[in-house]
Amino acid sequence: MKFKTFLCAAAVLALAGTAAPAADRDAADTAVEAAKKYAGTTISIVWEAGLQSLDPLNYSGPQWEKLTGIKVKVVEVPTDQMFTKIMQDFKSGAGAYDTLNVIPSWMPDLARAGALEPLDKYVDKFGYRDELQDIAAAYRDNQMQYDGKIYGFPDDGDVMLLYYRKDIFEDPKMKDEFKAKFGYELAPPKDWKQFDEIGQFITDKMAPKVYGAGFFRTAPYPQYMFQERFRMEGGKFFNADTMKATVNGDVGLNVFKQMVAENKFMPPGVEQWNFVDNLAAFLQGTTAMTISWPPYGRWAAGYGSGEEALKWVPKSQVAGKVGYALTPLGRPELGVGFDLSVSATSKNKEAAYLFIQWLNSKKTSLARVQLPYTLRDPFRLSHYASEKYRALWPDAPAYLDTIKTSGEKGLLDLSLLQQDKYDEAMTKGISSLWAGEDPKAILDRMAQQFDAITEKVGIENQKAVYKVWAAKPGAYPQ
């Protein structure tokens, strides 16, 4: 795989701090020039451990030091421990962290606690407000503010996509036989009934060489897929008047039953599949459909196959054969994502802010989302339209267009006080589902756990937060 386009983007980034005429200076240049007065200092940044951290460790951190003289200390923390670490640092007043990666669904908790520094004064001081308008609305309008104040910059275009084998779906014999049996064209499924029919049809025709679909099933990933399906089938998480959980009604039960039934046309043992297991099966060509975040699309195309950090990714056997589509019912889960924020206890707040403005800027972020190994996904309108990105592999234009459309239609993750506890309840419930426990018993227990969390937070407090979240266009399908 040739990376001339990517290297050109990196070269542009390397020049980001060079003197530019005032009229041509953008947000990246502004941040660099302002940060030079802090040369010789060190800022720390919390970043999710693993591939994600290679961005600040190997790329943006060294670039920032070269441009400004500010060192970046990367504190790697497993994603499921980040919220706790951030809150512990805040409550202790230690100020060990300057810059934070925050999952947007945590923002109500962190902002209300006072752990995040409001950013509006810095945004205006350093002229960043205009460039924020280039961030896609799904992220900008839903993941940046709490109670009217900016607390973070959306920095990752996470959204679930459907990937499918074009060579199978476009095979004339398969198409003819499928239409004769079901009466509609073999194409990416528009709803879950079609998904089941297509998946079972392909398995019946091609297994064990190829199964109709495969999903990751182990914690914590499936709970995001449940959140999407539950709402798209008509479910509401709570009674808005009483805040009693309603996940254990008929909708939740039907979704759970469907999820279990779908395992029957997936490869044996799929109940134990994690992110990598599912990726490997799809890249090796043994599943015809899957749903996951945008990195699957890049890796399926072979992008980044020469990178040392991606040696664990199986060599794609399906490059050039993969199509991209919306998930069934057409409103995919945005699914996690990350914001760049500044710790309220930082001793280097302005320097920390300038670093995240530079990271998040149009110029710098375009290079970062093209890094093949760091899992940052396109999140700006300029990313989707970038001629450089669209030239990275033959189907990159279709990939970017699908990400853009998916984001526009995307559903927001549930975001409440102590959201991590609700997430944990859903995650444990789905694990019990794969273990064979009765779906209704699991959902009743999940509802009881939801109610206990709500009561601990305070029903009126949670009701106020839920009302704001539920009013957003991406909370429930309109």
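Heavy-atom basis, side chains included; hydrogens, waters and symmetry copies ignored.
- Aromatic rings from Tyr128 and Tyr122 are positioned such that their centres are separated by 6.0 Å or more.
- Rounded to the nearest 0.5 Å, atoms OH (Tyr303) and CH2 (Trp393) are 7.5 Å apart.
- Taking both residues in full, the closest heavy atoms of Gly335 and Tyr224 are given as CA-CD2, 4.2 Å, listed atom of the first, atom of the second, then distance.
- When all heavy atoms of Ala35 and Ile70 are compared, the closest pair comes out as O-CD1, 3.5 Å.
- Listed here is the closest heavy atom pair of Pro294 and Gly157: CG-O, 4.0 Å.
- Between the side chains of Ser365 and Asn360, not a single donor N or O lies within less than 3.5 Å of an accepting N or O.
- Remark: the backbone N or O of Ala136 is not paired with any side-chain donor or acceptor of Arg140 at under 3.5 angstrom.
- Using a distance-only test at 3.5 Å, with no hydrogens or angles considered, no donor-acceptor pair links the side chain of Tyr353 to the main chain of Asn348.
- Taking 4.5 Å as the limit, some side-chain heavy atom of Thr402 sits within range of a side-chain heavy atom of Leu161.
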Go through the steps for Glu333 and Arg229 under the test salt bridge (Lys or Arg N to Asp or Glu O under 4.0 Å), then give the verdict.
CA-CA 9 Å; Glu333 188 82 4; Arg229 292 180 68 164; over 6 Å; no
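- Ring centroid separation for the pair Tyr221 and Phe216 comes in under the 6.0 Å cut-off.
- Under 3.5 Å, the side chains of Thr364 and Ser361 contain a donor-acceptor pair of N or O atoms.
- To the nearest 0.5 Å, atom CG of residue Leu354 and atom CD of residue Glu33 are 11.0 Å apart.
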Decide side chain to side chain contact (heavy atoms under 4.5 Å, CB included) for Thr327 and Met232; before the verdict, give the C-alpha distance in whole Å, the side-chain angles of both, and the deciding distance to 0.1 Å.
CA-CA 11 Å; Thr327 56; Met232 290 306 297; over 6 Å; no
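- A 4.5 Å side-chain heavy-atom check between Gln133 and Leu381 finds every atom pair outside the cut-off.
- Taking the side chain to side chain donor-acceptor pair (under 3.5 Å) definition, one finds that Ser346 meets it with Asp98, sequence neighbours left out.
- Listed by chain and residue number, nothing satisfies the ring-ring contact (aromatic ring centres under 6.0 Å, His included) test with Tyr151 (two or more places apart in sequence, or in another chain).
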Stepwise, does the salt bridge (Lys or Arg N to Asp or Glu O under 4.0 Å) test hold for Lys71 with Glu65?
CA-CA 5 Å; Lys71 294 182 180 294; Glu65 182 177 359; 2.8 Å; yes
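- Residue Lys428 places its NZ atom among 12 or fewer non-hydrogen atoms of other residues, nucleotides or ligands, all under 6.0 Å distant.
- Although no hydrogens or angles enter the test, the distance criterion places a donor-acceptor pair under 3.5 Å between the side chain of Trp434 and the main chain of Arg217.
- The shortest heavy-atom contact between Phe338 and Gln52 is CE1-NE2, 3.9 Å.
- Ring pair Phe275/Trp293 is tilted by interplanar angle, where 30° to 60° counts as tilted.
- Proximity of Asn101 to Asp156: side-chain heavy atoms (C-beta onward) are nowhere separated by under 4.5 Å.
- Arg380 contributes no side-chain N or O that, together with a main-chain N or O of Leu132, makes up a donor-acceptor pair within less than 3.5 Å.
- Between Tyr324 and Leu400 there is no side-chain heavy-atom pair separated by less than 4.5 Å.
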Audit row: Lys244, Asp451, salt bridge (Lys or Arg N to Asp or Glu O under 4.0 Å) steps and yes/no:
CA-CA 6 Å; Lys244 293 290 289 184; Asp451 289 342; 3.2 Å; yes
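- Atom OH of Tyr389 is separated from atom NE2 of His383 by 9.5 Å, given to the nearest 0.5 angstrom.
- Put simply, the side chain of Arg331 never gets that close to the backbone of Glu228: no donor and acceptor are under 3.5 Å apart.
- Taking CG of Asp191 as the start and CD of Glu233 as the end, the distance is 8.5 Å to the nearest 0.5 Å.
- How far CD of Gln145 is from CG of Asp120: 7.0 Å, rounded to the nearest 0.5 Å.
- At a threshold of 4.5 Å between non-hydrogen side-chain atoms, the residues Tyr38 and Ile43 do not count as touching.
- Salt bridge Lys463/Glu460: present, at least one basic N to carboxylate O contact under 4.0 Å.
- Defined by atom type and a distance below 3.5 Å, a donor-acceptor pair is missing between the side-chain atoms of Tyr422 and Gln418.
- Between Asp339 atom CG and Leu100 atom CG the span is 10.5 Å, to the nearest 0.5 Å.
- Counting heavy atoms of neighbouring residues, nucleotides and ligands inside a 6.0 Å radius, atom CG of Asp124 exceeds 12 of them.
- Aromatic pair Phe215/Trp273: ring centres not closer than 6.0 Å.
- Here the side chain of Ser44 pairs a donor or acceptor atom with the backbone of Ala96 at under 3.5 angstrom.
- Gln143 places no side-chain N or O within 3.5 Å of a backbone atom of Ala138 that could act as its donor or acceptor partner.
- Comment: Glu131 does not engage Lys363 in a salt bridge, judged by the lack of any side-chain N to carboxylate O separation of less than 4.0 angstrom.
- In terms of modelled atom types and a separation under 3.5 Å, the side chain of Asp395 and the main chain of Ala398 share no donor-acceptor contact.
- Note on residues 65-103: pairs passing ring pair (Phe, Tyr, Trp, His ring centres under 6.0 Å), not counting sequence neighbours, are Phe83-Trp106.
- A donor atom on one side chain and an acceptor atom on the other are found under 3.5 Å apart for Asp423 and Gln419.
- Under a 3.5 Å cut-off, the side chain of Gln357 and the backbone N or O of Ala28 do not form any donor-acceptor pair.
- Taking the six-membered ring where the residue is Trp, Trp64 and Phe355 present tilted rings, their angle falling between 30° and 60°.
- Between Asp134 and Ser382, the side chains place a donor N or O and an acceptor N or O closer than 3.5 Å (distance only, hydrogens not considered).
- Using modelled atom types, one side-chain atom of Arg390 and one backbone atom of Tyr384 make a donor-acceptor pair closer than 3.5 Å.
- Other residues, nucleotides and ligands place more than 12 heavy atoms under 6.0 Å from the NZ atom of Lys349.
- Side chain to side chain, Ser343 and Thr345 meet the donor-acceptor criterion of an N or O pair below 3.5 Å.
- Residues forming a ring-ring contact (aromatic ring centres under 6.0 Å, His included) with Trp192 (at least two apart in sequence, or on another chain): Phe195.
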Please lay out, stage by stage, how Glu350 and Lys37 fare under the test salt bridge (Lys or Arg N to Asp or Glu O under 4.0 Å).
CA-CA 11 Å; Glu350 186 165 285; Lys37 65 182 177 182; 3.3 Å; yes
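- Looking at every heavy atom in both residues, Pro78 comes nearest to Ala49 through N-CB, 4.0 Å.
- Take Phe282 and apply the ring-ring contact (aromatic ring centres under 6.0 Å, His included) test, not counting sequence neighbours, and it matches no residue.
- The minimum heavy-atom distance linking Leu416 with Asp109 is given by the pair O-OD2, 4.0 Å.
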Identify each donor-acceptor pair in which a side-chain atom of residues 468-478 lies under 3.5 Å from a protein atom, sequence neighbours left out, and give them as a table.
from, atom 1, to, atom 2, distance (Å)
Trp469, NE1, Asp413, O, 3.0
Tyr476, OH, Phe237, N, 3.0
Tyr476, OH, Tyr466, OH, 2.6
Gln478, NE2, Tyr476, O, 2.9

